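Shown next, in structure tokens, is the structure this report addresses.
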Amino acid sequence: MQAHPSQERQVPVLIVGGGLVGLSTALFLAHQGVRALIIEKHAGTSLHPRARGFHARTVELLRSTCAGEEVERAGAVPEGTVIGELVAVTLAGPVHSWKTRTVSTQRMDLSPCPMVFLGQDRLEPILLKAVRSQGVEVCFRHELTGFTQDARGVRATVLDRDTGAVSTVQAAYLIGADGVRSPVREALGISQRGRGSFGHNISTLFEADLSPVQREVPLGFAVLTHPEVGGVIAATDVKDRWIHATRLDVARETAADFTEARWTQRLRTVTGIPDLKPTFHGTFVWEAAERVAERFGSGRVFLAGDAAHQMPPTGGFGANTGIHDAANLAWKLAAVLNGHAGPALLDTYDAERRPVAAATANQAGLLALKMAKQELPADAVLVDDDAVTLGYHYGEGPPLPKTFVPTGEPGTRAPHVWLESMKGRTSTLDLFGNGFVLLAGSEAWRSGAERMPLRVHVVHGWQQAYGVGDGGACLVRPDGMVAARWNEPVPDAGHALDATLKALLFRED
């Protein structure tokens, strides 16, 4: 993007922010046939593993893209892996508590996908390679300086931070995936709600041999209560690479006050290894907070990820929730841009994702209060992690159930069921992809869908989990959510499907 200021470039979607959520949105769009343009003010992908684990649902969404296989391979954890969780003054002791647990990464009854332990610094390059393989242009060191919108589209001005050149981008839609301090959200004047700040922290990524204070199993996470240099140390998915985080009083200190010499002295004290020689890979300040935007968009501009919702790291929900935003928004934008849906479909992005994000942020906030041993609100309800990551619900009723039980109800994730065939075992989820899919129990549904823009799979063994009879059918959206279901065959399958899709896609024809 070395365009002269007077030049104007046209793209279907401009994504501001080239992190996890921006890259994921572009990837989902590309697999729907829409090539977005990404601009990112930083020089490259994240150098810090801020998010370090991705739940099965997130891996399911990426599974149907060209990045899915690499994500599962890179983040795989050997079956039976055991880690330790420590609470102590320092890694060397005195010890308050020491627990070991087997890392459970896969529930084959719930999902064909494992949870992956993959730092953001390793996942983003995988996503970047994937989007570029799909023809998506990613412009680093480019910054949004302003935008306007009208009924025809969004006009944005973009600064090349290397050359100082300013260019113009005309897009049908703009997505702000530009982080917790989102300039896009600020420009739209969208306020936030929530518990607010839980405090500021500073983290450093370092490399060091901590084997002198290791116990019988590898350390996964440690809470260290040293009165002067307390904090946490967490393992990453790279051997001998760790994160140390501690509270930061922003009224008295800045990141610049934490020199390598100071970090080294801190780590020698908090690890109990007096001659430790760490290698540092970066420091950053972050705020643990619970804030959710009052709207996830305005007109032709949408918010996703941290720009739309900020939550404490407890539970590991934040980045996962952002990628779920991306999957929801991408198929809807593609349907409108490809002429398959009316613009009103885009209103459902806010209606579906905001209640789920607010409920998820609330859970993260409650977990943060619990971890800090603070009293929970009288009306607080903590739900199972599976209910948060797999059980969220669009539409009427609570967005999160107390426990996760797959039902196949419209508005919920289409259940995973193992299907047996001549080709071997496959999951119902592997039948889904970049368009609407009809799971059917009889050929009558296939003939009724001949003129529809959807794929039909007449298979058996899935019906009970989806709450329909043997001859019933279930319509699944491109993001793997149940759109509609029929208990048994209907007299005119074609009419039923056409009417359902017309309503779902807000078509006027």
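Predicted, not measured: the structure shown is a model, and the values here were computed from it.
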May I ask you to check whether [X] and [Y] show a side-chain donor-acceptor distance below 3.5 Å?
X    : Y    : value
T145 : T157 : yes
T58  : H324 : yes
E294 : S191 : yes
R291 : S197 : no
H416 : S427 : yes
T269 : H226 : no
N328 : E352 : yes

Short side-chain to backbone donor-acceptor contact, [X] and [Y], under 3.5 Å:
X    : Y    : answer
D384 : A387 : no
R268 : L276 : yes
Q310 : E287 : yes
H244 : V232 : yes
R353 : T321 : yes
Y349 : L303 : yes
Q120 : A51  : yes
T90  : G93  : yes
S24  : A326 : no
T25  : A330 : no

Rounded at 0.5 Å granularity, tell me how far [atom1] in [X] sits from [atom2] in [Y].
X    : Y    : atom1 : atom2 : value
T389 : R413 : OG1   : CZ    : 8.5 Å
L329 : L29  : CG    : CG    : 7.0 Å
S182 : Q192 : OG    : CD    : 8.5 Å
N320 : D325 : CG    : CG    : 11.0 Å
L369 : E375 : CG    : CD    : 10.0 Å
D240 : S211 : CG    : OG    : 7.5 Å

Quick test of your reading of the model: are [X] and [Y] salt-bridged, counting only N-O distances below 4.0 Å?
X    : Y    : value
E60  : R63  : no
D386 : R107 : yes
D257 : R252 : no
R122 : D237 : yes

Can you confirm if the NZ or CZ of [X] lies within 45° of the ring axis of [Y] and under 6.0 Å from the centre of its six-membered ring?
X    : Y    : result
R50  : F284 : yes
R262 : F258 : yes
R215 : W98  : yes
R300 : Y173 : yes

Let me see the working for R266 and T246 under side-chain hydrogen bond (donor to acceptor under 3.5 Å, both in side chains), right down to the final yes or no. CA-CA 10 Å; R266 280 186 62 92; T246 190; 3.3 Å; yes
State, yes or no, whether a side-chain contact exists between [X] and [Y] at a heavy-atom distance under 4.5 Å.
X    : Y    : answer
L110 : F404 : yes
L62  : F28  : yes
V87  : V95  : no
H55  : P114 : no
R477 : W331 : yes
P312 : E290 : yes
E207 : H281 : yes
T45  : F140 : yes

Anything under 30° is parallel, anything over 60° is perpendicular, the rest tilted; go ahead and classify [X] against [Y].
X    : Y    : answer
H309 : F296 : tilted
Y392 : Y394 : tilted
F280 : W263 : tilted

Picking from V82, I83, T81, what satisfies side-chain contact (heavy atoms from CB on, under 4.5 Å) with T102?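 Exactly one option meets the side-chain contact (heavy atoms from CB on, under 4.5 Å) with T102, and it is V82.
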Minimum heavy-atom separation for R185 and D306, please, with both atom names.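 Scanning both residues completely, I find the closest heavy atoms to be NH1-O, 4.1 Å.
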Nearest non-hydrogen partners of V59 and C113, listed with the distance: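 Smallest heavy-atom distance, with atoms named: CG1-CB, 3.8 Å.
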Verify the neighbour count for atom CD of E253: are there more than 12 heavy atoms of other residues, nucleotides or ligands below 6.0 Å?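 It does: E253 CD has more than 12 such atoms within range.
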Output, in order, the C-alpha distance, side-chain angles, deciding distance and verdict of side-chain contact (heavy atoms from CB on, under 4.5 Å) for S203 and H48. CA-CA 9 Å; S203 295; H48 201 289; 4.1 Å; yes
Decide side-chain hydrogen bond (donor to acceptor under 3.5 Å, both in side chains) for H42 and E40; before the verdict, give the C-alpha distance in whole Å, the side-chain angles of both, and the deciding distance to 0.1 Å. CA-CA 6 Å; H42 293 107; E40 166 58 55; 2.8 Å; yes
Show, in sequence, the C-alpha distance, side-chain angles and deciding distance for I39 and E143, and conclude whether the side-chain contact (heavy atoms from CB on, under 4.5 Å) test is met. CA-CA 7 Å; I39 58 171; E143 183 175 0; over 6 Å; no
Salt bridge (Lys or Arg N to Asp or Glu O under 4.0 Å) between R9 and E137, intermediate numbers included: CA-CA 13 Å; R9 179 172 181 178; E137 185 177 359; 2.3 Å; yes
